[in-house]
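By convention here, the first residue in the shown sequence is residue 1.
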Amino acid sequence: MSKIIIVGGVAGGASAAARLRRLDEHAKIVMFERGEHISFANCGLPYYIGGAIADRNELLLQTPESFYRHFNVDVRALSEVLSVDPAAKTVTVKDLAKGETYAEPYDKLILAPGAGPIKPPLTGVDLSRVFTLRNVADTDHIKAYIQEKSPQSAVVVGGGYIGVEMAENLKDAGLDVSIVEMSNQVIAPLDIDMACDVHHYLEQSGVSLYLNNGVQAITEDAGGLTLRLADRAIRADLVIVAVGVRPENKLAKDAGLATGERGGVVVDEHMRTSNEHVYAVGDVVEVTDLITRQKSMIPLAGPANKQGRIAADHICGLDSRYIGTQGSAILKVFDMTVATTGINEKTAKRLNLNYDKVFVWLPGHAGYYPGAQSTSTKVIFEKETGRILGAQMVGFYGVDKRCDVLATAIRAGMTAFDLTRLELCYAPPYSSAKDPVNMAGFVIENLLTGKVKQIHWHDVDALPRDGSVTLLDVRSPQEFMWGRIKGFENIPLDSLRGRIGELDSSKPVYVHCHSGMRSYIAARILSQNGFDAYNLSGGYRLYNSATS
């Protein structure tokens, strides 16, 4: 009878334990967890703080007792594994309740300690009113502080997924909230042009943003906390530090296991480390990016669960393989949804890929059906083949399902031409006959087949205003009056055919509308009448959002 020890009892570790038992009823399985709780809903912690999840017990998906009853796994909570001896095949464990230390032997070992929150080396980061969020105990501390002290204001340091979720939930809990972010945008997997929509919406929702701004120190007085930023000081009653996570790799490094450039434990396709008897899964491991094939750290719950299953499969003799992470992720921002999958433009540019991008702005369901709101979609594709490399979506309806379709397309190696052929569900309350995913495929297809040429929002200000090119706005006169791009003249689309003689066909024409749809039609009219026409992808809406 084999004995498997698992270090860590949340996503990857719990998944591995359950799969091991389903595959081998007779194995001895021991799971050590440093904290009090196992298999808790890590991603749900902010929503308990904000009140969307009212019952704390809903976060506890399993207890040590229920896990034992279901899976006959020896779960030892409040047990910290201090070291691993790969030669002796033992772990040294400290029982945190009793203060006793002992050795436990194994045949196979799975490391699933996860990643811990980064605490930057700032003055004041350890003050009692400064919190991080990783586990249920952290959540309890934050919740208790809000209930007992009734703080009025909070600052979230860091604008990543956890930071933005915490900002929303602190706002829902009744606090005035600010986000301080060192870079020029929130949600790093987004490109700046997509993040701008999130910035505008956060501010409309009452969250103050301090971008391109780092916290230099935190000080405390009787009235609260002062955060000294690069260009100002702001006050708060509590601070959440959410600047990222780093892999909990000490056990692995001390045991002599190989780690990568960013500290992640190096594993093969079976999640096996540099020691054949030791596996590692979850946020502690270095993964291969599915698209770029480069090594990366992508801490997400979905991959962690899959990796736990794969490690268990391999231990039990199955040839399961983990072939890469594509970074599919989604975020609720009040009523807005933000979703990403695959690589972003920043990565494509850094790797010097031969790529292009399109922007699509379309309603989440039929425009004539009540409640239609448009979603902003950005798709990155390979120029030579049209293969989809990445997608980003920001909107209010149907974002999740469409990003999931695009994530599936990326995993399957599909091209824009394949997107045009997808037969997706349609009824007016849910979609349009040509779904936005289909439309993204059509837009890319038009580029790849030479039916249209495009420019992007970041190219507009560099266009000459000396008369050597024609700058054309085909929106309605009222839209033109509400806001315009400098140097563009207005000829509404419906008037273009009758006024085309006013334009000089020897000059390139750069044309835009609100979203890029009417200007695409205008570009087709112009190109078939001998003009060298370029459509502004994403239109005035995107240009205005990204530059305002």
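Side-chain contact between S376 and M194 is present, with heavy atoms from C-beta onward closer than 4.5 Å. Looking at V10 and F40, their side chains come closer than 4.5 Å, going by heavy atoms from C-beta outward. When side chains are defined from C-beta on, D74 does not count as touching M31, because their heavy atoms never get closer than 4.5 Å. Side-chain contact between L209 and L202 is present, with heavy atoms from C-beta onward closer than 4.5 Å. Side-chain contact check for T341 versus I410: some heavy-atom pair is nearer than 4.5 Å. Two residues are said to be in side-chain contact when any heavy atoms from C-beta on lie closer than 4.5 Å; L190 and T340 meet this criterion. By the 4.5 Å heavy-atom criterion applied to side chains, I240 and L170 are counted as neighbours. Using a 4.5 Å heavy-atom cutoff, the side chains of L20 and I110 are in contact.
A salt bridge (Lys or Arg N to Asp or Glu O under 4.0 Å) with R76 is found for one member of E33, E36, E104 and no other, namely E104. For the side-chain contact (heavy atoms from CB on, under 4.5 Å) with V177, the qualifying choice from E168, K171, M166 is K171, the only one to do so. For the side-chain contact (heavy atoms from CB on, under 4.5 Å) test with D138, the passing option among I49, L133, L45 is L133; the others fail. A side-chain contact (heavy atoms from CB on, under 4.5 Å) with L238 is found for exactly one of I146, V130, V155, V156, namely I146.
No donor-acceptor pair closer than 3.5 Å links the side chain of R309 to the backbone N or O of S320. Proximity of a side-chain donor or acceptor of N249 to a complementary backbone N or O of A252 within less than 3.5 Å is not detected. Looking only at distances, a side-chain donor or acceptor of H199 sits under 3.5 Å from a matching main-chain atom of V186. Although no hydrogens or angles enter the test, the distance criterion places a donor-acceptor pair under 3.5 Å between the side chain of T273 and the main chain of V278. Counting only distance, with no hydrogens or angles, the side chain of S79 and the backbone of A77 share a donor-acceptor pair below 3.5 Å. Under the 3.5 Å distance criterion, the side-chain polar atoms of S15 are matched with a main-chain donor or acceptor of N305. Judged by distance alone, the side chain of T325 and the main-chain N or O of G327 form no donor-acceptor pair under 3.5 Å. Using a distance-only test at 3.5 Å, with no hydrogens or angles considered, no donor-acceptor pair links the side chain of T347 to the main chain of I343. Put simply, the side chain of S432 never gets that close to the backbone of D435: no donor and acceptor are under 3.5 Å apart. Between the side chain of H70 and the backbone N or O of S66 there is at least one donor-acceptor pair closer than 3.5 Å.
Annotation for A14 and G9: closest pair CB-O, 3.8 Å, computed over non-hydrogen atoms. Considering every non-hydrogen atom in both A18 and F67, the closest pair reads N-CZ, 4.2 Å. Scanning both residues, L351 and T292, for their nearest heavy atoms gives CD1-CG2, 3.4 Å. Closest non-hydrogen pair, R21 versus N72, comes out as NH2-O, 2.9 Å. Closest non-hydrogen pair, A258 versus S274, comes out as N-OG, 3.0 Å. In terms of heavy-atom proximity, L23 sits nearest to C316 at CB-SG, 3.8 Å.
Using a cut-off of 4.0 Å between Lys/Arg side-chain N and Asp/Glu carboxylate O, E100 and K94 are scored as not salt-bridged. Look at D400 and R402 and you find no salt bridge, because none of the NZ, NE, NH1 or NH2 atoms lies under 4.0 Å from a carboxylate O. A salt bridge links R56 with D140: at least one charged nitrogen is closer than 4.0 Å to a carboxylate oxygen. Salt bridge K108/E276: absent, no basic N to carboxylate O contact under 4.0 Å. Comment: R19 engages D313 in a salt bridge, judged by a side-chain N to carboxylate O separation of less than 4.0 angstrom. With salt bridges taken as basic N to acidic carboxylate O contacts below 4.0 Å, none links K253 and E248.
Within a 6.0 Å radius of OH in Y68, no more than 12 heavy atoms belonging to other residues, nucleotides or ligands are found. The number of heavy atoms from other shown groups lying within 6.0 Å of NZ (K149) does not exceed 12. Annotation: R246, atom CZ; neighbour count of heavy atoms from other residues, nucleotides and ligands within 6.0 Å does not exceed 12. In H277, the NE2 atom is crowded: over 12 heavy atoms of neighbouring residues, nucleotides or ligands sit closer than 6.0 Å.
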Quiz prompt | Worked verdict on E165 versus K332 for salt bridge (charged side-chain N to carboxylate O under 4.0 Å, His left out) | solution = CA-CA 7 Å; E165 285 177 344; K332 176 182 176 295; over 6 Å; no

Self-check item: ring pair (Phe, Tyr, Trp, His ring centres under 6.0 Å) between F131 and Y145, intermediate numbers included
Solution: CA-CA 10 Å; F131 302 90; Y145 182 84; 5.6 Å; yes

Practice problem: Run the numbers on D254 and K250 for salt bridge (charged side-chain N to carboxylate O under 4.0 Å, His left out), then give the verdict. | Solution: CA-CA 6 Å; D254 290 350; K250 187 176 186 304; 2.6 Å; yes

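Within the structure, salt bridge (Lys or Arg N to Asp or Glu O under 4.0 Å) pairs that include any residue of residues 172-188 do not occur (at least two apart or interchain). Applying the salt bridge (Lys or Arg N to Asp or Glu O under 4.0 Å) test to pairs two or more places apart or on separate chains, none has a residue in residues 279-298.
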Can you give me every donor-acceptor pair (side chain of residues 261-268, partner residue at least two apart or in another chain, under 3.5 Å) with its distance?
| residue | atom | partner | partner atom | Å |
| --- | --- | --- | --- | --- |
| D268 | OD1 | H270 | N | 2.8 |
| D268 | OD1 | M271 | N | 3.2 |
| D268 | OD1 | R272 | N | 2.9 |
| D268 | OD2 | R272 | NE | 3.2 |
| D268 | OD2 | R272 | NH2 | 3.2 |

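With sequence neighbours left out, the side-chain hydrogen bond (donor to acceptor under 3.5 Å, both in side chains) criterion links D197 to R541, S545. Take Y201 and apply the ring-ring contact (aromatic ring centres under 6.0 Å, His included) test, not counting sequence neighbours, and it matches F396. For Y397, the ring-ring contact (aromatic ring centres under 6.0 Å, His included) criterion is met by H365, not counting sequence neighbours.
For the residue pair Q392 / D191, a side-chain donor-acceptor distance below 3.5 Å is found, with atom types taken as modelled.
Y48 carries K143 over the face of its six-membered ring, with the cationic atom under 6.0 Å from the centre and within 45° of the normal.
With rounding to the nearest 0.5 angstrom, the CG atom of L59 is 11.5 Å from the OG atom of S39. A distance of 13.0 Å separates CD1 of I179 from CG of N213, quoted to the nearest 0.5 Å.
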